[in-house]
There are 2 protein chains.
Amino acid sequence: MTTTGEGTGQRAAAVPPAAAADLPAATVRRLPEYLRALGTLSESGVDTVSSETLAAATGVNSAMLRKDLSQLGASGMRGVGYSVANLATHIAGVLGLTKDSRVAIIGLGHLGQALARYPGFSERGFDIVGLFDADAGIIGKDLDGLQVRDVALLARAVRDEGINIGVIATPGAAAQHVADLLVDAGVTSILNFAPCVLAVPQGVAVRKVDLAVELQILSFHEHHKTLSRPETDV
Amino acid sequence: MTTTGEGTGQRAAAVPPAAAADLPAATVRRLPEYLRALGTLSESGVDTVSSETLAAATGVNSAMLRKDLSQLGASGMRGVGYSVANLATHIAGVLGLTKDSRVAIIGLGHLGQALARYPGFSERGFDIVGLFDADAGIIGKDLDGLQVRDVALLARAVRDEGINIGVIATPGAAAQHVADLLVDAGVTSILNFAPCVLAVPQGVAVRKVDLAVELQILSFHEHHKTLSRPETDV
DNA sequence: ATATGTGAAGGGGTTCACAGCA
DNA sequence: TGCTGTGAACCCCTTCACATAT
């Protein structure tokens with residue numbers, strides 16, 4: 001990478017073959033996008049793509065794309081472009097998508113049920129293997145062949161069934177409790193749809209998606225479009 | 001992310017009284033979070049809060065919170081803190097939440113249906129007033145009192161019913177077409193759940209939420225935790 | 001000729017540290 | 001004393017421009 005600290009401790013031939021140790025967060029965020037675009041290209045029968053084309057398909061600057069890819073250790077061919085298949089494989093490897101992840105969804109209200117049935121997850125290698133809720137009215141319900149279990153069984157299921165990602169789709173009030181359960185059971189990756197900030201120990205990755213927040217951000221822009229002069233320039 | 005055609009407009013010393021003209025995108029993203037935390041505080045009967053406390057509740061640095069708020073024209077009381085009620089009102093005003101937004105959801109598969117029924121939207125002032133789909137098997141279906149209409153009726157509904165935000169929850173293949181319909185009908189704010197990049201004219205704000213992307217980012221961290229030594233220090 | 005890989009420049013965003021006010 | 005408001009440093013990210021390779 002760039003900051004290899006000149007002088008001090010220069011590892012002998014350090015740089016692992018296909019290294020991806022500490023990528024910038026911004027880069028990591030874009031990788032899934034690249035991967036998706038590559039999939040589309042692949043389906044179209046394209047087998048080589050330029051940074052310019054791939055960047056356009058993902059809405060980023062081509063120089064940034066190249067920088068991202070070079071950080072992965074991915075190599076294009078000058079004067080030609082990147083191999084679609086190789087690049088896809090490479091990115092999938094960096095993202096750890098070679099082995100399927102095992103996901104539990106906790107909270108099966110409308111949102112949780114939608115997530116449980118969302119085809120996009122299994123399509124991209126995320127196996128939903130556990131559904132949990134605290135509501136007796138929902139426990140036992142069958143969703144596409146998977147039965148909703150009592151959240152009291154969550155911890156054991158995590159261990160017995162190798163669950164490594166927890167998706168929280170409960171109301172906000174229950175979210176922290178569920179997070180604690182997940183963390184105690186050893187889960188270190190959590191996707192939180194509840195509208196609250198979760199406290200978790202170091203080493204646990206939490207990503208938050210708040211649907212209402214997205215609308216509020218749009219509301220801001222909408223509000224200001226109507227307030228300010230409607231772009232007399234450009 | 002946001003294709004918010006910000007012009008290069010350089011205004012002369014304008015700064016309105018309680019200005020919020022061109023807030024940094026990063027600040028705007030945090031405002032809904034502040035607002036939510038303030039709501040929680042308000043329910044708890046708290047009426048004054050320090051930047052330190054509010055920052056903790058929203059997971060940000062207190063200096064950044066103060067900087068965000070001062071940019072809004074919000075004023076705290078030195079030695080005391082911020083008025084919970086005033087601050088909430090102020091932020092809501094900046095976000096344009098004083099008047100309810102009118103939302104259409106297009107695509108009522110599992111995800112779209114869940115969004116249609118998600119209580120968090122109406123709770124925060126987003127009225128879902130239109131549901132549209134292209135599938136004859138879904139058109140006519142009733143969801144909590146709202147009937148799914150043919151997407152062919154979308155354009156007229158946008159105009160007649162004052163819809164100003166469109167939520168796209170279709171498969172990726174249909175998303176661009178729907179976006180075109182929305183834009184042609186005059187919608188300038190779009191929330192896109194489809195896994196694809198939308199092309200829209202300048203001045204149209206698009207926010208994208210891709211659930212699988214979030215899982216893939218978690219997968220990256222998960223992958224690297226297992227690869228690298230698990231934090232021998234700190 | 002064409003497209004990658006990257007140094008250097010530029011812009012934001014975040015944090016620190018402290019001045020200033022109640 | 002306590003907490004806000006903010007200049008300044010720092011760091012990360014993005015973009016430009018071009019050397020470099022096929």
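Scope of the values below: all heavy atoms of this structure, side chains included, with no hydrogens, waters or symmetry mates. In what follows, every chain begins at residue 1, and chains take the letters A, B, ... in the order their sequences are listed. What you are looking at is a predicted structure, and each value in this text was computed from that prediction instead of being measured.
Nucleotide dC21(C) holds its C1' atom 5 Å from the CZ atom of Arg78(B), rounded to whole Å. Between Gln71(B) atom CD and dT14(C) atom P there is a gap of 10 Å when expressed in whole angstrom units. One interatomic measurement links the two molecules: CG of Leu87(A) to P of dT4(C), which rounds to 11 Å at whole-angstrom precision. Atom CD of Glu52(B) and atom C1' of dA17(C) are 14 Å apart (whole Å).
Within the 4.5 Å cutoff, the side chain of Ile190(B) has heavy atoms near those of the Val183(B) side chain. Contact annotation: the side chain of Lys225(A) approaches that of Ser189(B) to within less than 4.5 Å [non-hydrogen atoms, C-beta and beyond]. The shortest distance between side-chain heavy atoms of Leu31(B) and Leu35(B) does not fall below 4.5 Å. Counting only heavy atoms from C-beta outward, the side chains of Arg30(B) and Thr58(B) never approach each other to under 4.5 Å.
Asn192(B) contributes atom CG, which lies 9.0 Å from atom CD of Gln176(B) (distance to the nearest 0.5 angstrom). Note: Glu214(B) CD to Phe193(A) CZ = 7.5 Å, rounded to the nearest 0.5 Å. Between the CD1 atom in Ile165(B) and the NE2 atom in His221(A) there is a gap of 11.0 Å [rounded to 0.5 Å].
Across residues 55-69 of chain A, Asn61(A), Ala63(A), Met64(A), Arg66(A), Lys67(A) each have a non-hydrogen atom less than 4.0 Å from an atom of DNA chain D (numbered order).
Among the heavy atoms of the strands lying under 4.0 Å from Arg30(A) are primed sugar atoms or P, OP1, OP2 only; no base atom is included. Within 4.0 Å (heavy atoms only), Ser75(B) reaches sugar-phosphate atoms of the nucleic acid but no base atom.
Closest-nucleotide positions on DNA chain D for Val49(B) and Thr27(A) were compared, and the one nearer the 5' end corresponds to Val49(B).
Close to dT2(C), at under 4.0 Å from its OP1 or OP2, lies no side-chain N or O of Ser50(A).
When base pairs are accepted only as Watson-Crick or G-U wobble with both N-N or N-O distances under 3.5 Å, DNA chain C takes part in stems of 3 or more pairs at C:1-22 with D:1-22.
Of all nucleotides in DNA chain D having an atom under 4.0 Å from a heavy atom of chain A, the first and last in 5' to 3' order are dC13(D) to dT22(D).
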